Protein chains: 2
Amino acid sequence: MRRMTARPANAHQAKLLKLLRDAGPNSRAQLGDQVDLSRSKLAVEVDRLLETGLVVADGLAASRGGRRSHNVRLNPELRFLGVDIGATSVDVAVTNAELEVLGHLNQPMDVREGPVAVFEQVLSMAAKLRASGLAEGCDGAGIGVPGPVRFPEGVPVAPPIMPGWDGFPVREALSQELGCPVMVDNDVNLMAMGEMHAGVARSVGDFLCVKIGTGIGCGIVVGGEVHRGVTGSAGDIGHIQAVPDGRPCACGNRGCLEAHFSGAALARDAVEAAEQGLSEELASRLAAHGTLTAVDVAAAAAAGDATALDLIREGGNRTGQVIAGLVSFFNPGLVVIGGGVTGLGHTLLAAIRTQVYRQSLPLATGNLPIVLGELGQNAGVIGAARLISDHLFSPA
Amino acid sequence: MRRMTARPANAHQAKLLKLLRDAGPNSRAQLGDQVDLSRSKLAVEVDRLLETGLVVADGLAASRGGRRSHNVRLNPELRFLGVDIGATSVDVAVTNAELEVLGHLNQPMDVREGPVAVFEQVLSMAAKLRASGLAEGCDGAGIGVPGPVRFPEGVPVAPPIMPGWDGFPVREALSQELGCPVMVDNDVNLMAMGEMHAGVARSVGDFLCVKIGTGIGCGIVVGGEVHRGVTGSAGDIGHIQAVPDGRPCACGNRGCLEAHFSGAALARDAVEAAEQGLSEELASRLAAHGTLTAVDVAAAAAAGDATALDLIREGGNRTGQVIAGLVSFFNPGLVVIGGGVTGLGHTLLAAIRTQVYRQSLPLATGNLPIVLGELGQNAGVIGAARLISDHLFSPA
DNA sequence: CCTTCTTTGTCCTGTGAGTGGAGAAAGTTG
DNA sequence: CAACTTTCTCCACTCACAGGACAAAGAAGG
């Protein structure tokens with residue numbers, strides 16, 4: 001039986017586990033340098049962790065000029081499941097306790113099919129990963145959903161793009177199916193956690209993580225912690241007004257950012273442009289596929305199509321304007337741009353940067369990097385694994 | 001010698017001091033209920049605090065059905081100075097350790113006269129308060145300045161409206177003059193701390209505190225802590241674009257919120273309206289004073305002047321639009337409106353509310369109070385006193 | 001091969017923080 | 001005056017933790 005049941009018994013053990021997770025195998029001596037404990041006390045706690053099975057011995061390290069150290073590491077048999085439910089696709093990944101992705105599956109799927117259908121899909125993907133020998137069991141799972149979540153309970157609330165999910169007990173249901181602890185969060189927050197853990201936001205305490213996919217959202221990290229807001233809807237910037245009296249939005253208002261730029265809006269605008277004969281490139285793609293997506297626009301832009309480039313620039317400007325306001329307000333140390341439309345690459349990034357650097361206060365932008373996310377498709381699932389591991393590696 | 005030199009020796013003592021500050025005199029038994037320590041340990045820590053002189057015995061309390069308790073309280077001779085430097089005036093107040101305002105002076109003064117002149121003024125006001133017998137000495141001072149501050153060092157950085165202050169070592173200089181510890185922060189952050197401590201935001205963890213005075217700023221409180229941002233400029237919302245291609249702003253951009261609504265903008269618009277003959281009320285006031293301020297507009301509005309009301313509504317709408325975006329982004333549990341223009345009262349509040357409730361997500365506004373600050377002129381100085389007491393009541 | 005130095009890990013004891021119970025002190029209620 | 005409450009103090013016991021002594025294991029140099 002290798003299923004993880006133990007939890008750290010105290011804050012020291014929790015800190016050690018997180019250290020081993022983030023820094024990999026380590027000797028007692030090296031751990032001691034980082035946790036502010038005497039060697040004796042540290043040895044005691046490490047021994048207790050070894051007893052629980054959360055941590056295992058990992059052979060001898062090379063000498064550093066004296067006696068060789070006995071390394072310890074997180075139990076390599078531990079497995080976390082990272083699930084990222086997007087508006088139009090589902091990602092499932094298996095990681096070890098150090099949050100390295102061992103296997104990753106992606107499946108197109110419309111979230112509006114509802115929780116039951118989606119979870120059937122998730123479970124079958126998880127089963128496939130397990131069948132491939134990557135995991136015997138599952139010690140915990142993190143789930144991201146594209147909408148606000150009442151975090152303590154793990155329940156989506158009033159999600160605009162996934163009405164069938166309102167109030168569905170995601171955490172409880174999935175915990176039962178998988179037989180392990182489950183944590184649920186907004187997908188954007190998880191992307192932020194992913195980039196913070198293994199991506200471009202390592203060692204940054206306060207940053208914003210803007211995800212532009214089917215919709216637009218923003219992960220807010222304050223002092224290394226995700227800020228979720230009092231009802232779990234923090235970061236929902238898609239419905240901030242970007243254009244006074246602009247396009248009508250599904251939410252009932254006009255001029256929302258999301259109505260002017262997002263995967264969906266971009267596709268819509270591209271179709272319009274193609275139909276109006278503004279771009280042969282887009283028109284031919286429309287004829288070929290019968291529809292257009294952000295990917296088509298990216299391809300057209302890469303081919304030098306002026307209309308596609310304009311659409312991207314225009315969207316980047318809108319987005320940049322909104323981000324400029326948020327930067328003035330929040331004064332982050334970093335802005336990460338991620339999500340499906342990162343395929344639009346530097347055209348988009350340049351437009352966003354221009355707006356932010358022009359409109360925000362110099363003091364706030366003086367030393368503010370605005371960069372693309374590093375983890376791409378992996379950000380969400382890594383963040384999800386991180387979420388559950390943060391939970392399980394905290395005292396019970 | 002009654003000057004406070006001691007600091008709490010550990011986290012327990014710090015917690016006890018803050019409890020006594022916030023809840024007033026208390027018995028050991030009542031303290032024990034709130035501090036999660038055994039009675040024996042608690043008694044030890046209280047005794048040590050008594051030894052230091054930070055805390056003194058305060059007689060017997062009424063019986064609650066058994067032996068009467070011996071109350072303790074913070075030393076009633078301790079004095080904090082709260083200083084709130086605004087764009088056009090200086091407030092100085094003396095408080096006791098429980099942060100009750102014992103005396104309060106206000107003096108019009110232009111911050112652009114520079115730190116030397118302003119501090120001369122502050123010191124003379126402090127001397128006057130001392131002379132009136134309210135304070136023998138001063139055990140700590142908190143200072144608010146109308147611009148960004150590098151918080152750890154207590155130095156203003158790149159303040160737009162007070163150029164002469166850039167880099168001036170406020171903390172060090174004032175600490176030397178007053179002979180006591182000093183902490184410096186942005187005035188808006190202090191207002192937020194004031195409302196959190198003794199005002200309308202008691203017991204709210206996450207809230208925004210919008211101060212509309214000569215300029216516009218926003219205090220951001222996350223989990224009971226003020227968020228200052230990486231360069232101390234968080235909350236600087238005055239230069240968020242509110243009107244595309246709107247009025248030119250001193251910052252060089254166009255359409256900044258502050259260019260459209262703030263004490264200064266309102267006065268300017270009122271003069272314009274008066275000169276254009278749109279309002280007799282305003283015109284007669286202009287003739288009488290030679291100039292107009294937000295106070296005149298408030299009076300005209302109170303008298304039913306349609307133009308004045310329109311100006312306020314218009315400004316409230318602009319402000320409300322920006323706040324709506326921030327509410328969607330931050331998802332606070334409360335929005336407090338304060339600052340000089342709160343004299344504009346419910347006309348302003350109604351306009352702001354309308355915009356926020358209309359434009360923000362229902363999930364974020366569903367249970368979101370938007371209220372006027374409770375402390376008025378006192379908010380800044382109380383927040384300042386709170387700032388220094390938080391500092392002094394933390395382990396050294 | 002042997003000595004000396006370095007690093008790592010273990011063992012043991014002393015210290016100080018903290019708990020919990022006994023009981024004294026000081027009330028209330030009937 | 002007896003019985004019950006509440007508050008406060010004292011004391012003994014537990015436990016977390018530090019820090020030193022020491023053993024184990026290796027490197028470097030003669």
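Letters A, B, ... are given to chains in the order of the sequence lines, protein chains preceding strands, and every chain is numbered from 1. All of these numbers come straight from a predicted model, not from anything done at the bench.
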**Request:** May I ask you to test the Arg202(A)-Met196(A) pair for a side-chain heavy-atom distance under 4.5 Å?
**Result:**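 Arg202(A) does not reach Met196(A) side chain to side chain.
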**Item:** Beyond-backbone contact of Arg28(B) with Asp47(B), side-chain heavy atoms, under 4.5 angstrom
**Value:** yes
**Donor-acceptor pair present, Arg67(B) side chain and dT7(D) base, under 3.5 Å** = yes
**Prompt:** Does any N or O donor sit under 3.5 Å from an N or O acceptor when you compare the side chain of Ser40(B) with the base of dG18(C)?
**Reply:** no
Interatomic distance, [X] [atom1] vs [N] [atom2] [rounded to whole Å]:
X        : N       : atom1 : atom2 : result
Gln13(B) : dG18(C) : CD    : P     : 10 Å
Asn71(B) : dC8(D)  : CG    : C1'   : 13 Å
His70(B) : dT6(D)  : NE2   : C1'   : 12 Å
Leu37(B) : dT7(D)  : CG    : P     : 17 Å
Glu45(A) : dA18(D) : CD    : P     : 11 Å
Asp33(A) : dT8(C)  : CG    : P     : 8 Å
Leu16(B) : dG18(C) : CG    : C1'   : 14 Å
Asn10(B) : dA16(D) : CG    : P     : 19 Å

**Prompt:** Which part of the nucleic acid does Ser38(B) contact within heavy-atom distance under 4.0 Å: base, sugar-phosphate only, or nothing?
**Reply:** base
**Message:** For a quick check of understanding: with a heavy-atom distance under 4.0 Å over all strands, which category does Lys41(A) fall into, base, sugar-phosphate or nothing?
**Reply:**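 Sugar-phosphate: the residue Lys41(A), judged by heavy atoms under 4.0 Å, touches backbone atoms but no base.
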**Residue whose closest nucleotide on DNA chain D lies nearer the 5' end, Gln30(B) versus Gly65(B)** = Gly65(B)
**Asked** Which residue lies toward the 5' end of DNA chain D, His12(A) or Leu60(A), if each is placed at its nearest nucleotide?
**Response**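 In this pair, the answer is His12(A).
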**Prompt:** Between Asn10(A) and Glu45(A), does any side-chain donor sit less than 3.5 Å from a side-chain acceptor?
**Reply:** yes
**Item:** Residues Thr231(A) and Asn367(B): side-chain donor-acceptor under 3.5 angstrom
**Value:** no
**Item:** Steps toward salt bridge (Lys or Arg N to Asp or Glu O under 4.0 Å) verdict (Lys18(A), Asp22(A))
**Value:** CA-CA 6 Å; Lys18(A) 287 177 185 173; Asp22(A) 299 340; over 6 Å; no
**Request:** Please determine, for the side chain of Arg64(B), which listed nucleotide (dT7(D), dT28(C), dT8(C)) has the closest atom?
**Result:**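 Nearest listed nucleotide: dT7(D).
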**Request:** Examine dG20(D): is either OP1 or OP2 under 4.0 Å from a nitrogen or oxygen in the side chain of Arg39(A)? Give yes or no.
**Result:**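 Indeed not, no polar side-chain atom of Arg39(A) lies that close.
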**Message:** Check the phosphate of dT7(C) against Arg68(A), side-chain N and O only, distance under 4.0 Å to OP1 or OP2. Yes or no?
**Reply:**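 Indeed not, no polar side-chain atom of Arg68(A) lies that close.
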**Message:** Would you say that more than 12 heavy atoms from the other residues, nucleotides or ligands in this model lie under 6.0 Å from the CD of Glu374(B), or not?
**Reply:** yes
**Angle of first-five versus last-five pair axes in the helix from dC1(C)-dG30(D) to dG30(C)-dC1(D), to 10 degrees** =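 End-to-end axis angle: 10°.
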**Request:** Starting at CZ of Arg21(B), measure out to CG of Leu78(B) and round the result to the nearest 0.5 Å.
**Result:**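 CG of Leu78(B) is found 12.5 Å from CZ of Arg21(B).
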